[in-house]
Amino acid sequence: MSPISSVSEAINAISAVVFLFGMAGSIQVVQVSSFLLRPFSERLLVRINSSLVGTVWKVMQHIFEKRQKARITYSGDIIPQNESAIVISNHRSWTDFYLLHSVAIRRNMLSNCKYFVKDSIKWLPFFGWGMWLADFLFVRRDWMRDQRKIEATFSNIKRLKTPVWIMSFAEGTRFTHQKLKESQVYAAQQGYSIMHNVLLPRTRGFVTCVNVFRGSHVQYVYGNLGEFNVAPDMIRVHVRELGDEYEFHVNVKRIAINELPNDDEQLANWLRQRYVEKDQFLSKLCHGWTKNLDEKVWEEN
Ligand SMILES: *[C@@H]1O[C@H](CO)[C@@H](O)[C@H](O)[C@H]1NC(C)=O
Ligand SMILES: *[C@@H]1O[C@H](CO)[C@@H](O)[C@H](O)[C@H]1NC(C)=O
(Lines give C-alpha, C1' and ligand atoms only; values in the text may rest on other atoms or scores of the structure.)
(Ligands and ions follow the chains in the order given, each with its own letter.)
Protein backbone atom coordinates (compact mmCIF):
# COMPACT_ATOMS: atom_id res chain seq x y z
CA MET A 1 0.00 0.00 0.00
CA SER A 2 1.37 3.42 -0.86
CA PRO A 3 1.75 5.77 2.09
CA ILE A 4 -0.69 8.29 0.69
CA SER A 5 -3.74 6.83 -0.95
CA SER A 6 -6.25 9.65 -1.26
CA VAL A 7 -6.55 13.38 -1.78
CA SER A 8 -7.86 13.95 1.72
CA GLU A 9 -4.90 12.14 3.19
CA ALA A 10 -2.58 14.29 1.13
CA ILE A 11 -4.31 17.41 2.42
CA ASN A 12 -4.01 16.04 5.91
CA ALA A 13 -0.31 15.53 5.50
CA ILE A 14 0.27 18.97 4.02
CA SER A 15 -1.71 20.70 6.72
CA ALA A 16 0.22 18.82 9.38
CA VAL A 17 3.49 20.01 7.91
CA VAL A 18 2.32 23.60 7.55
CA PHE A 19 1.00 23.55 11.08
CA LEU A 20 4.17 22.15 12.58
CA PHE A 21 6.50 24.45 10.71
CA GLY A 22 4.30 27.43 11.51
CA MET A 23 4.28 26.61 15.16
CA ALA A 24 7.98 25.90 15.32
CA GLY A 25 8.55 29.23 13.56
CA SER A 26 6.50 31.30 15.96
CA ILE A 27 8.07 29.63 18.94
CA GLN A 28 11.40 30.58 17.47
CA VAL A 29 10.50 34.23 17.67
CA VAL A 30 9.88 33.91 21.38
CA GLN A 31 13.02 31.87 21.78
CA VAL A 32 15.20 34.44 20.10
CA SER A 33 13.74 37.15 22.29
CA SER A 34 14.65 35.09 25.32
CA PHE A 35 18.24 35.92 24.51
CA LEU A 36 17.45 39.24 26.11
CA LEU A 37 16.99 37.51 29.44
CA ARG A 38 20.42 36.00 29.42
CA PRO A 39 22.17 38.60 31.57
CA PHE A 40 19.52 38.21 34.27
CA SER A 41 19.03 34.53 34.88
CA GLU A 42 20.69 31.73 33.03
CA ARG A 43 18.62 29.06 34.71
CA LEU A 44 15.36 30.82 33.87
CA LEU A 45 16.50 31.03 30.27
CA VAL A 46 17.16 27.32 30.19
CA ARG A 47 13.69 26.70 31.59
CA ILE A 48 12.05 28.96 29.01
CA ASN A 49 14.00 27.30 26.20
CA SER A 50 13.17 23.84 27.18
CA SER A 51 9.51 24.49 27.77
CA LEU A 52 9.26 26.05 24.31
CA VAL A 53 10.93 23.11 22.69
CA GLY A 54 8.79 20.83 24.85
CA THR A 55 5.62 22.47 23.54
CA VAL A 56 6.43 21.49 19.99
CA TRP A 57 7.26 17.94 21.06
CA LYS A 58 4.04 17.73 23.04
CA VAL A 59 1.87 18.68 20.07
CA MET A 60 3.67 16.16 17.87
CA GLN A 61 3.20 13.48 20.53
CA HIS A 62 -0.48 14.31 20.79
CA ILE A 63 -0.86 13.82 17.04
CA PHE A 64 0.91 10.47 17.22
CA GLU A 65 -0.82 9.03 20.25
CA LYS A 66 -4.24 10.67 20.27
CA ARG A 67 -5.10 11.59 16.72
CA GLN A 68 -3.32 8.76 14.94
CA LYS A 69 -4.06 6.39 17.81
CA ALA A 70 -0.69 4.70 18.01
CA ARG A 71 -0.85 1.60 20.18
CA ILE A 72 2.20 1.55 22.45
CA THR A 73 3.03 -1.00 25.12
CA TYR A 74 5.87 -0.98 27.65
CA SER A 75 7.99 -3.46 29.52
CA GLY A 76 11.09 -3.47 31.70
CA ASP A 77 12.08 -1.35 34.69
CA ILE A 78 9.91 1.29 36.30
CA ILE A 79 11.18 4.78 35.55
CA PRO A 80 10.64 7.49 38.19
CA GLN A 81 9.36 10.99 37.43
CA ASN A 82 11.77 13.87 36.76
CA GLU A 83 14.92 11.77 36.72
CA SER A 84 17.89 12.88 34.61
CA ALA A 85 19.54 10.15 32.58
CA ILE A 86 21.62 9.16 29.61
CA VAL A 87 19.22 7.40 27.25
CA ILE A 88 20.49 4.92 24.69
CA SER A 89 18.20 3.67 21.96
CA ASN A 90 18.28 1.88 18.67
CA HIS A 91 17.54 3.84 15.51
CA ARG A 92 15.17 2.41 12.95
CA SER A 93 13.51 5.43 11.47
CA TRP A 94 12.90 9.15 11.74
CA THR A 95 9.86 8.26 13.79
CA ASP A 96 11.84 6.62 16.65
CA PHE A 97 11.61 9.74 18.71
CA TYR A 98 7.86 9.32 19.10
CA LEU A 99 8.50 6.20 21.16
CA LEU A 100 11.20 7.83 23.26
CA HIS A 101 8.91 10.79 23.78
CA SER A 102 6.04 8.53 24.77
CA VAL A 103 8.13 7.57 27.79
CA ALA A 104 9.47 11.09 28.35
CA ILE A 105 6.00 12.67 28.37
CA ARG A 106 4.83 10.19 31.02
CA ARG A 107 7.85 10.99 33.17
CA ASN A 108 7.68 14.76 32.90
CA MET A 109 10.94 14.87 30.92
CA LEU A 110 9.68 15.71 27.44
CA SER A 111 11.03 19.26 27.56
CA ASN A 112 14.41 18.03 28.66
CA CYS A 113 15.35 15.66 25.86
CA LYS A 114 18.60 16.62 24.19
CA TYR A 115 19.62 14.67 21.14
CA PHE A 116 22.86 14.07 19.41
CA VAL A 117 22.00 15.15 15.87
CA LYS A 118 23.85 15.41 12.61
CA ASP A 119 25.42 18.79 12.14
CA SER A 120 23.65 19.37 8.82
CA ILE A 121 20.22 19.32 10.51
CA LYS A 122 21.07 22.78 11.81
CA TRP A 123 20.08 24.10 8.38
CA LEU A 124 16.60 22.55 8.38
CA PRO A 125 14.26 25.56 8.53
CA PHE A 126 12.73 26.28 11.93
CA PHE A 127 13.21 22.83 13.45
CA GLY A 128 16.93 22.80 12.93
CA TRP A 129 17.30 26.35 14.14
CA GLY A 130 15.17 25.52 17.15
CA MET A 131 17.38 22.56 17.94
CA TRP A 132 20.41 24.78 17.66
CA LEU A 133 18.93 27.30 20.07
CA ALA A 134 17.98 24.54 22.45
CA ASP A 135 21.56 23.36 22.71
CA PHE A 136 21.13 20.06 20.93
CA LEU A 137 24.36 18.17 20.52
CA PHE A 138 25.46 18.64 16.93
CA VAL A 139 28.08 16.22 15.77
CA ARG A 140 29.95 15.99 12.49
CA ARG A 141 31.99 12.83 12.94
CA ASP A 142 35.11 14.84 13.58
CA TRP A 143 35.69 13.73 17.12
CA MET A 144 38.22 16.32 18.17
CA ARG A 145 35.98 19.19 17.11
CA ASP A 146 32.79 17.60 18.39
CA GLN A 147 34.27 16.71 21.72
CA ARG A 148 35.11 20.24 22.72
CA LYS A 149 31.62 21.52 21.93
CA ILE A 150 29.89 18.60 23.57
CA GLU A 151 31.93 18.92 26.72
CA ALA A 152 31.10 22.63 26.91
CA THR A 153 27.39 21.83 26.61
CA PHE A 154 27.67 19.10 29.23
CA SER A 155 29.54 21.28 31.67
CA ASN A 156 26.73 23.86 31.44
CA ILE A 157 24.21 21.15 32.15
CA LYS A 158 26.20 20.06 35.18
CA ARG A 159 26.82 23.56 36.45
CA LEU A 160 23.15 24.56 36.29
CA LYS A 161 21.94 21.06 37.26
CA THR A 162 19.62 21.21 34.27
CA PRO A 163 17.20 18.26 34.21
CA VAL A 164 18.14 16.34 31.11
CA TRP A 165 17.72 13.20 29.11
CA ILE A 166 20.78 12.89 26.89
CA MET A 167 19.38 10.99 23.92
CA SER A 168 21.90 8.86 22.15
CA PHE A 169 21.41 6.55 19.21
CA ALA A 170 24.59 4.61 19.82
CA GLU A 171 24.55 2.90 16.43
CA GLY A 172 25.38 6.36 15.10
CA THR A 173 23.16 6.00 12.06
CA ARG A 174 19.77 4.73 10.99
CA PHE A 175 19.39 0.99 10.55
CA THR A 176 19.32 -0.33 6.99
CA HIS A 177 19.91 -3.83 5.72
CA GLN A 178 22.96 -2.67 3.81
CA LYS A 179 24.46 -1.16 6.96
CA LEU A 180 23.56 -4.30 8.88
CA LYS A 181 25.61 -6.41 6.46
CA GLU A 182 28.59 -4.09 6.76
CA SER A 183 28.27 -4.06 10.52
CA GLN A 184 28.16 -7.86 10.64
CA VAL A 185 31.31 -8.12 8.55
CA TYR A 186 33.08 -5.67 10.82
CA ALA A 187 31.85 -7.45 13.96
CA ALA A 188 33.15 -10.76 12.63
CA GLN A 189 36.59 -9.23 11.96
CA GLN A 190 36.72 -7.78 15.46
CA GLY A 191 35.42 -10.89 17.16
CA TYR A 192 32.20 -9.27 18.41
CA SER A 193 28.82 -11.02 18.48
CA ILE A 194 26.97 -11.02 15.18
CA MET A 195 23.61 -9.30 15.55
CA HIS A 196 20.60 -9.34 13.26
CA ASN A 197 18.31 -6.52 14.35
CA VAL A 198 20.70 -3.76 15.37
CA LEU A 199 24.07 -2.42 14.26
CA LEU A 200 27.21 -2.62 16.33
CA PRO A 201 27.09 0.45 18.62
CA ARG A 202 29.81 3.10 18.52
CA THR A 203 31.16 3.36 22.01
CA ARG A 204 33.22 6.54 22.17
CA GLY A 205 30.37 9.03 22.64
CA PHE A 206 28.73 6.85 25.24
CA VAL A 207 31.94 6.38 27.21
CA THR A 208 32.52 10.14 27.17
CA CYS A 209 28.96 10.81 28.36
CA VAL A 210 29.21 8.40 31.25
CA ASN A 211 32.61 9.70 32.32
CA VAL A 212 31.45 13.32 32.19
CA PHE A 213 28.33 12.68 34.23
CA ARG A 214 29.76 10.39 36.89
CA GLY A 215 29.06 11.99 40.27
CA SER A 216 26.70 14.63 38.81
CA HIS A 217 22.90 14.98 39.03
CA VAL A 218 22.66 12.61 36.05
CA GLN A 219 22.90 9.25 37.79
CA TYR A 220 21.24 6.72 35.51
CA VAL A 221 21.46 5.16 32.11
CA TYR A 222 18.23 4.06 30.46
CA GLY A 223 19.01 1.33 28.01
CA ASN A 224 17.11 -0.56 25.36
CA LEU A 225 14.63 2.19 24.67
CA GLY A 226 12.67 2.26 21.46
CA GLU A 227 11.80 -0.98 19.74
CA PHE A 228 10.48 -1.43 16.25
CA ASN A 229 9.70 -4.28 13.99
CA VAL A 230 8.77 -2.33 10.91
CA ALA A 231 8.79 1.40 11.48
CA PRO A 232 6.32 3.75 9.80
CA ASP A 233 7.94 6.68 8.02
CA MET A 234 7.19 10.29 8.84
CA ILE A 235 4.54 10.64 6.15
CA ARG A 236 2.79 7.47 7.21
CA VAL A 237 2.63 8.75 10.77
CA HIS A 238 0.72 11.81 9.67
CA VAL A 239 -1.72 10.58 7.07
CA ARG A 240 -3.84 7.89 8.63
CA GLU A 241 -4.61 6.33 11.99
CA LEU A 242 -1.84 3.94 12.97
CA GLY A 243 -4.01 1.78 15.19
CA ASP A 244 -4.50 -1.41 13.22
CA GLU A 245 -1.43 -1.49 11.07
CA TYR A 246 1.27 -0.91 13.69
CA GLU A 247 2.02 -1.98 17.21
CA PHE A 248 4.77 -0.20 19.11
CA HIS A 249 6.72 -1.50 22.03
CA VAL A 250 9.17 0.19 24.37
CA ASN A 251 11.39 -1.79 26.67
CA VAL A 252 13.41 0.12 29.27
CA LYS A 253 16.28 -0.90 31.51
CA ARG A 254 17.38 1.50 34.23
CA ILE A 255 20.99 1.21 35.36
CA ALA A 256 22.83 3.35 37.93
CA ILE A 257 25.91 5.01 36.49
CA ASN A 258 27.92 4.20 39.61
CA GLU A 259 27.42 0.50 38.92
CA LEU A 260 29.01 0.75 35.47
CA PRO A 261 32.63 -0.27 34.95
CA ASN A 262 35.17 2.51 35.49
CA ASP A 263 37.52 1.30 32.80
CA ASP A 264 36.78 2.74 29.35
CA GLU A 265 37.35 -0.51 27.53
CA GLN A 266 35.09 -2.43 29.89
CA LEU A 267 32.46 0.28 29.58
CA ALA A 268 32.58 -0.05 25.80
CA ASN A 269 32.12 -3.80 26.16
CA TRP A 270 29.25 -3.21 28.52
CA LEU A 271 27.50 -1.09 25.88
CA ARG A 272 28.08 -3.70 23.17
CA GLN A 273 26.61 -6.31 25.49
CA ARG A 274 23.45 -4.21 25.92
CA TYR A 275 23.02 -4.22 22.15
CA VAL A 276 23.47 -7.98 22.04
CA GLU A 277 20.63 -8.25 24.56
CA LYS A 278 18.55 -5.81 22.59
CA ASP A 279 19.15 -7.83 19.47
CA GLN A 280 17.91 -10.98 21.20
CA PHE A 281 14.93 -9.10 22.56
CA LEU A 282 14.01 -7.89 19.08
CA SER A 283 14.31 -11.42 17.70
CA LYS A 284 11.84 -12.50 20.36
CA LEU A 285 9.49 -9.70 19.39
CA CYS A 286 9.59 -10.79 15.76
CA HIS A 287 8.15 -14.14 16.79
CA GLY A 288 4.98 -13.36 18.62
CA TRP A 289 5.44 -9.67 19.15
CA THR A 290 4.48 -8.41 22.62
CA LYS A 291 2.30 -11.35 23.51
CA ASN A 292 5.07 -13.59 24.78
CA LEU A 293 6.89 -11.06 26.89
CA ASP A 294 7.84 -12.51 30.21
CA GLU A 295 8.73 -9.18 31.70
CA LYS A 296 6.22 -7.30 33.80
CA VAL A 297 4.15 -4.77 31.97
CA TRP A 298 5.01 -1.23 32.73
CA GLU A 299 2.39 0.64 34.70
CA GLU A 300 0.83 3.68 33.06
CA ASN A 301 1.25 7.15 34.56
C1 LIG B 1 8.32 16.54 39.04
O2 LIG B 1 8.51 17.89 38.72
C3 LIG B 1 7.33 18.67 38.72
C4 LIG B 1 7.71 20.07 38.29
O5 LIG B 1 8.20 20.08 36.99
C6 LIG B 1 6.70 18.65 40.09
O7 LIG B 1 5.48 19.38 40.07
C8 LIG B 1 6.43 17.22 40.52
O9 LIG B 1 5.94 17.19 41.83
C10 LIG B 1 7.70 16.39 40.41
N11 LIG B 1 7.37 15.00 40.68
C12 LIG B 1 8.09 14.23 41.50
C13 LIG B 1 7.60 12.84 41.73
O14 LIG B 1 9.11 14.64 42.03
C1 LIG C 1 18.66 28.51 25.59
O2 LIG C 1 18.50 29.38 24.51
C3 LIG C 1 19.51 30.31 24.33
C4 LIG C 1 19.09 31.21 23.24
O5 LIG C 1 17.75 31.46 23.24
C6 LIG C 1 20.80 29.58 24.06
O7 LIG C 1 21.86 30.49 23.91
C8 LIG C 1 21.09 28.64 25.20
O9 LIG C 1 22.24 27.91 24.93
C10 LIG C 1 19.93 27.72 25.42
N11 LIG C 1 20.23 26.88 26.55
C12 LIG C 1 19.67 25.70 26.79
C13 LIG C 1 20.19 24.92 27.91
O14 LIG C 1 18.77 25.24 26.13
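From a predicted model like this one, the values you see are computed outputs, not experimental measurements. Atoms within a ligand are numbered from 1 in the order they appear, just like the ligands themselves.
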Just wondering, do Thr173 and Lys179 contact through their side chains at under 4.5 Å, heavy atoms? yes

Considering non-hydrogen atoms of the protein only, which is the closest contact for atom 5 (O) of ligand 1, and what is the distance? Asn108 ND2, 3.2 Å

Please list the nearest protein heavy atom to atom 14 (O) of ligand 1 with its residue and the distance rounded to 0.1 Å. Asn82 ND2, 3.3 Å

Mark yes or no: Arg272 above the aromatic ring of Trp270, with NZ or CZ under 6.0 Å from the six-membered ring centre and no more than 45 degrees from the axis. no

Test your reading of the structure: does Gln81 have an N or O sitting under 3.5 Å from an N or O of ligand 1? no

Would you confirm whether any non-hydrogen atom of the protein falls under 4.0 Å from atom 9 (O) of ligand 1? no

Salt bridge between Arg254 and Glu83, side-chain N to carboxylate O under 4.0 Å? yes

With no hydrogens and no angle check, just 3.5 Å: does a side-chain donor-acceptor pair link Asn211 and Asp264? yes

